[in-house]
Number of protein chains: 2
Amino acid sequence: MKLNKEGIVDAAFALLDEEGIEGLSLRRLAARLGVQAPAIYWYIPNKAGLFRRMSARLTTGARASCAGQPDWRSWLMAYGRGVRAAFLTHRDSAKLYANAGSIPEDPGEIGDLIAAPLVALGLSREDAISYQGSVISLSLGWALFEQTPPMRDFLTGMMDMDKSFEDGLEAMVRGFAPGSAPHAS
Amino acid sequence: MKLNKEGIVDAAFALLDEEGIEGLSLRRLAARLGVQAPAIYWYIPNKAGLFRRMSARLTTGARASCAGQPDWRSWLMAYGRGVRAAFLTHRDSAKLYANAGSIPEDPGEIGDLIAAPLVALGLSREDAISYQGSVISLSLGWALFEQTPPMRDFLTGMMDMDKSFEDGLEAMVRGFAPGSAPHAS
DNA sequence: ACCTGAACACCGTTCAAGT
DNA sequence: ACCTGAACACCGTTCAAGT
């Protein structure tokens with residue numbers, strides 16, 4: 001039963017869900033795959049590379065979930081909800097994303113790729129990336145709080161997290177004003 | 001030259017700035033303080049406790065920096081800028097905060113404490129915490145991207161990060177609508 | 001091509017013992 | 001009260017060697 005990259009990422013998510021990010025070591029991952037730790041290095045460059053691969057899966061899954069939106073505001077709302085939902089389906093995945101920083105492939109064409117759906121809906125490339133960055137930041141930040149147990153207990157004790165996130169996202173997306181104050185040249 | 005908690009936190013920030021979060025180990029920290037690693041445990045419970053102490057310093061510094069604002073929107077804008085600025089003054093500090101999750105003291109009175117300045121400006125306690133959570137989330141998220149070198153290079157190549165953050169924050173704070181859709185009871 | 005065994009240079013944390 | 005020495009149970013990563 002040979003290893004492969006996707007299977008390693010699958011097993012890593014399973015291990016993450018069971019043990020949390022502290023317990024996600026290459027040695028334990030190898031044990032779960034019935035193999036010795038160095039074997040993993042045949043498929044991934046290092047632990048950071050594994051984290052990047054896992055992070056990429058989280059965000060591309062969210063992107064896929066919001067195809068076919070009628071306008072760029074709807075798209076950004078769906079994307080924000082999708083990103084947060086993706087983080088909340090795997091224990092500590094927001095922490096993992098924060099430590100990995102994504103950027104899975106070469107920087108040249110990835111800019112076009114992430115801007116494309118919003119440019120198709122009428123936004124400039126710069127606004128597309130800027131707004132998307134703010135939406136991911138907000139979603140990541142909330143997910144981070146929701147995945148830190150003492151913080152989660154503290155927050156759920158006095159508010160509805162779903163509503164707070166929704167309120168913040170809605171306020172921001174509604175407030176985006178393309179083309180206003182077109183910085184520098 | 002006896003140790004003390006604040007001195008340990010100072011040294012930890014200095015070490016963080018020099019080596020990054022990967023290099024921030026208790027053994028190296030001890031060496032910098034001219035002491036053996038276990039000595040640190042007389043002052044802090046464990047490494048997570050050190051991270052929490054460091055995180056608390058970052059956010060309370062930002063809070064202090066925005067006293068005397070005339071209304072709650074101005075306060076939230078100042079706080080968002082202050083939080084991001086605080087993160088950007090220490091290498092990898094957003095990552096550190098994401099891994100630590102703050103919550104330094106007991107949960108009972110800290111709720112009042114963080115809500116107080118906004119309640120004084122007319123917000124309900126629930127809105128105060130909800131909005132503040134969204135503002136911190138957005139600021140933390142952007143700082144995280146800005147402190148991940150490949151991501152930073154990628155983003156600065158096609159946008160002005162200061163402007164993007166400012167646009168997102170401004171849109172969100174302007175869009176907050178207290179009292180609208182008062183969920184459940 | 002794919003994996004193991006053994007090793008290197010680290011970790012956080014504990015605990016008896018020193019002063 | 002405050003710190004050291006020594007140890008435990010881990011890490012990520014490298015690399016020769018096996019198949």
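Quick note on labels: first sequence line is chain A, next is B, and so on, each numbered from 1.
- In this structure, B:Val9 and B:Tyr43 have side chains that are not in contact, with every pair of non-hydrogen atoms separated by 4.5 Å or more.
- Between B:Trp42 and D:dC3 there is no side-chain polar atom (N or O) within less than 4.0 angstrom of OP1 or OP2.
- Looking at A:Asp10 and A:Arg57, a side-chain N of the basic residue comes within less than 4.0 Å of a carboxylate O on the acidic one, giving a salt bridge.
- Checking each of A:Glu166, A:Arg174, A:Met172, A:Gln69 against A:Met77 for a side-chain contact (heavy atoms from CB on, under 4.5 Å) leaves exactly one that passes, namely A:Glu166.
- In terms of hydrophobic clustering, with Ile, Leu, Val, Met, Phe, Trp and Tyr side chains grouped at heavy-atom distances under 4.5 Å, B:Met54 and B:Tyr41 are assigned to a common cluster.
- The distance from atom NZ of B:Lys2 to atom C1' of D:dC2 is 7 Å, rounded to the nearest whole Å.
- The pair A:Arg28-A:Glu18 does not count as a salt bridge, with every side-chain nitrogen at least 4.0 angstrom from each carboxylate oxygen.
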What does the list of N/O pairs under 3.5 Å between the protein and nucleotides 9-12 of chain C look like, with a distance for each?
residue, atom, partner, partner atom, Å
C:dC11, OP1, B:Ser25, OG, 3.3
C:dG12, OP1, B:Leu26, N, 3.2
C:dG12, OP1, B:Lys47, NZ, 2.9
C:dG12, OP2, B:Leu26, N, 3.1
C:dG12, N7, B:Arg27, NH1, 2.5
C:dG12, O6, B:Arg27, NH1, 3.0

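- A:Tyr79 and A:Trp75 have parallel rings, their planes meeting at less than 30° on a 0 to 90° scale where 60° marks the start of perpendicular.
- For the pair B:Arg81 and B:Asp162, the salt-bridge criterion is not met [side-chain N within less than 4.0 Å of a carboxylate O].
- Taken together through direct or relayed side-chain contacts under 4.5 Å among Ile, Leu, Val, Met, Phe, Trp and Tyr, B:Val173 and B:Ile114 form part of one hydrophobic cluster.
- Ring geometry for B:Phe87 against B:Tyr97 counts as perpendicular: the plane angle is over 60°, on a 0 to 90° scale with 30° as the lower cut.
- Taking atom OH of residue A:Tyr43 and atom P of nucleotide D:dT13, one finds them 18 Å apart after rounding to whole Å.
- In this structure, the CG atom of A:Leu33 is 15 Å from the C1' atom of C:dT4, given to the nearest Å.
- Comparing B:Ala48 and A:Ala37 against DNA chain C, the residue whose closest nucleotide sits nearer the 5' end is A:Ala37.
- With C:dT13, C:dC3, D:dC3 as the candidates, the nucleotide lying closest to the side chain of B:Leu3 is D:dC3.
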>> Counting Watson-Crick and G-U wobble pairs with both distances under 3.5 Å, what is the dot-bracket string for DNA chain C, 5' to 3', using [ ] for crossing pairs and | for pairs to another strand?
In response: ||.|||||...|||||.||
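- Side-chain proximity of B:Pro38 to the nucleotides D:dT4, D:dC3, C:dC3 is greatest for D:dT4.
- Across the protein-nucleic acid pair, B:Lys5 atom NZ and D:dC3 atom P stand 14 Å apart, rounded to whole Å.
- When the C1' atom of D:dT13 is taken as reference, atom CG of A:Leu50 falls 14 Å away, rounded to whole Å.
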